[in-house]
Amino acid sequence: MSELLVRPATDDDVDDILDIEARGGREPWSADEVLGQLDHACGACMVAELHGRVVGHVLGFVVAGEGEIVTIAVDPRKQGRGLGRALVAALQDRWPCERIILEVRVDNAPARALYARTGFVEVGRRKHYYADGSDGLVLAWERPAPRRRPSRRAPTS
Ligand SMILES: CC(C)(COP(=O)(O)OP(=O)(O)OC[C@H]1O[C@@H](n2cnc3c(N)ncnc32)[C@H](O)[C@@H]1OP(=O)(O)O)[C@@H](O)C(=O)NCCC(=O)NCCS
């Protein structure tokens, strides 16, 4: 998708983020929550722009070498086209951390599919985490170790 741009979110994106939250988020964030997150994690939150329009966002932060995704959402009219994957890939590429964690409702099939596709694995379960009694799953992604170049030195005997 060459027309896709994933870039750091700014305060100017708040209205677009809120619009997407209201359209598709299961527990939509408020303006104060979004602004607070952008202030708290300057540069770590990203938006996806398609043809110049914000169509998705991921909010999170990095602390002490570990990243955490707090929320992610894609405009329902644009879901299923790889935008969620592009947002998560941008964090994995750009966040200065070796590990990213998040928490997801056990019954959120699209989100679980996205995280499985981007290399997250289950590392914990928060029983009855949600108000309706649903469990939350804790997922983690570890940055793969860099591949070692084979030594060019001839073996000595
Ligand atoms: C979760 C969400 C961000 C995914 O965004 P998206 O742009 O539709 O995801 P993608 O198109 O990049 O899909 C990523 C993978 O998940 C799979 N997937 C996406 N939606 C799916 C669905 N409804 N059912 C099953 N699998 C699905 C895709 O097949 C894809 O896998 P593939 O690359 O092997 O085909 C989007 O569904 C959303 O905004 N949901 C509402 C907010 C939410 O629940 N956020 C998660 C909070 S933890």
Side-chain angles (χ1 to χ4, degrees), residues 1-41 43-63 66-95 97-144:
M1 248 189 275
S2 57
E3 63 280 9
L4 174 67
L5 171 70
V6 178
R7 61 162 175 80
T10 72
D11 287 1
D12 291 341
D13 297 314
V14 169
D15 287 346
D16 289 328
I17 292 173
L18 288 175
D19 187 47
I20 294 166
E21 284 285 314
R23 281 175 197 277
R26 290 185 169 213
E27 288 158 23
W29 280 39
S30 69
D32 282 350
E33 287 172 320
V34 173
L35 278 166
Q37 189 62 38
L38 292 181
D39 286 351
H40 169 63
C45 301
M46 306 271 174
V47 291
E49 263 186 23
L50 201 53
H51 302 295
R53 289 182 60 107
V54 173
V55 290
H57 56 268
V58 57
L59 308 183
F61 58 89
V62 180
V63 66
E66 183 167 273
E68 180 160 348
I69 294 176
V70 183
T71 193
I72 182 169
V74 169
D75 183 331
R77 298 167 297 190
K78 305 287 182 191
Q79 289 178 6
R81 303 180 189 193
L83 293 168
R85 202 154 26 94
L87 281 163
V88 174
L91 307 186
Q92 292 169 326
D93 190 39
R94 301 179 205 177
W95 275 5
C97 62
E98 298 306 309
R99 174 179 152 98
I100 299 175
I101 61 165
L102 60 87
E103 186 275 326
V104 60
R105 275 180 74 111
V106 71
D107 61 356
N108 191 343
R112 289 186 62 183
L114 165 65
Y115 298 134
R117 183 73 162 84
T118 49
F120 284 79
V121 295
E122 186 178 330
V123 294
R125 181 180 280 252
R126 295 176 180 161
K127 288 271 185 197
H128 315 302
Y129 184 71
Y130 290 92
D132 66 358
S134 293
D135 291 353
L137 299 179
V138 182
L139 308 184
W141 169 83
E142 306 276 349
R143 188 176 300 288

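We count ligands from 1, going down the list as the structure has it; atoms in each ligand are counted the same way.
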Q. Which of the listed options, R117, E27, R85, holds the heavy atom that is closest to atom 12 (O) of ligand 1?
A. R85
Q. Would you say V104 has any N or O atom under 3.5 Å from an N or O of ligand 1, going by distance alone?
A. no
Q.
Would V74 count as a polar contact of ligand 1, with the cut-off being nitrogen or oxygen pairs under 3.5 Å?
A. yes
Q: State if T71 counts as touching ligand 1 under the rule of any non-hydrogen atom under 4.0 Å.
A: no
Q | Positive for side chain to side chain contact (heavy atoms under 4.5 Å, CB included) with V138, one of L102, V104, V123 | A | V123
Q: Would you mind reporting whether E66 and I100 have side-chain heavy atoms less than 4.5 Å apart?
A: no
Q) Which of the atoms in ligand 1, numbered in the order shown and given with their element, are less than 4.0 Å from a heavy-atom of G80? A) 6 (P), 7 (O), 8 (O), 11 (O)
(Q) List ligand 1 atoms under 4.0 Å from A113, heavy atoms only on the residue side. (A) 16 (O), 17 (C), 18 (N), 26 (N), 27 (C)
Q) Can a non-hydrogen atom of G24 be found less than 4.0 Å from any atom of ligand 1? A) yes
Q. Is R143 paired with D93 through a side-chain N to carboxylate O contact shorter than 4.0 Å?
A. no
Q) Which of the numbered atoms in ligand 1 are below 4.0 angstrom from a heavy atom of A73? A) 39 (O)
Q: Go through D132 and S134 one step at a time and tell me if the side-chain hydrogen bond (donor to acceptor under 3.5 Å, both in side chains) criterion holds.
A: CA-CA 6 Å; D132 66 358; S134 293; 3.0 Å; yes
Q: Indicate yes or no: does an N/O atom of N108 lie under 3.5 Å from an N/O atom of ligand 1?
A: yes
Q. Looking only at atom types and distance, does a side-chain atom of E3 sit under 3.5 Å from a main-chain N or O of H51, one as donor and one as acceptor?
A. no
Q | Aromatic plane relationship, F120 with W141 - under 30° parallel, 30 to 60° tilted, over 60° perpendicular | A | tilted
Q) Nearest to atom 11 (O) of ligand 1 by heavy atom, A109, A111, A89, G82: which? A) G82
Q) Under 3.5 Å between some N or O of ligand 1 and some N or O of Y115? A) no
Q. Can you name the closest pair of heavy atoms from A9 and L38 and give their distance?
A. CB-CD2, 3.8 Å
Q: Please indicate whether any nitrogen or oxygen in R81 is less than 3.5 Å from any nitrogen or oxygen in ligand 1.
A: yes
Q.
Contact between R117 and V88 at the side-chain level, heavy atoms closer than 4.5 Å - yes or no?
A. no
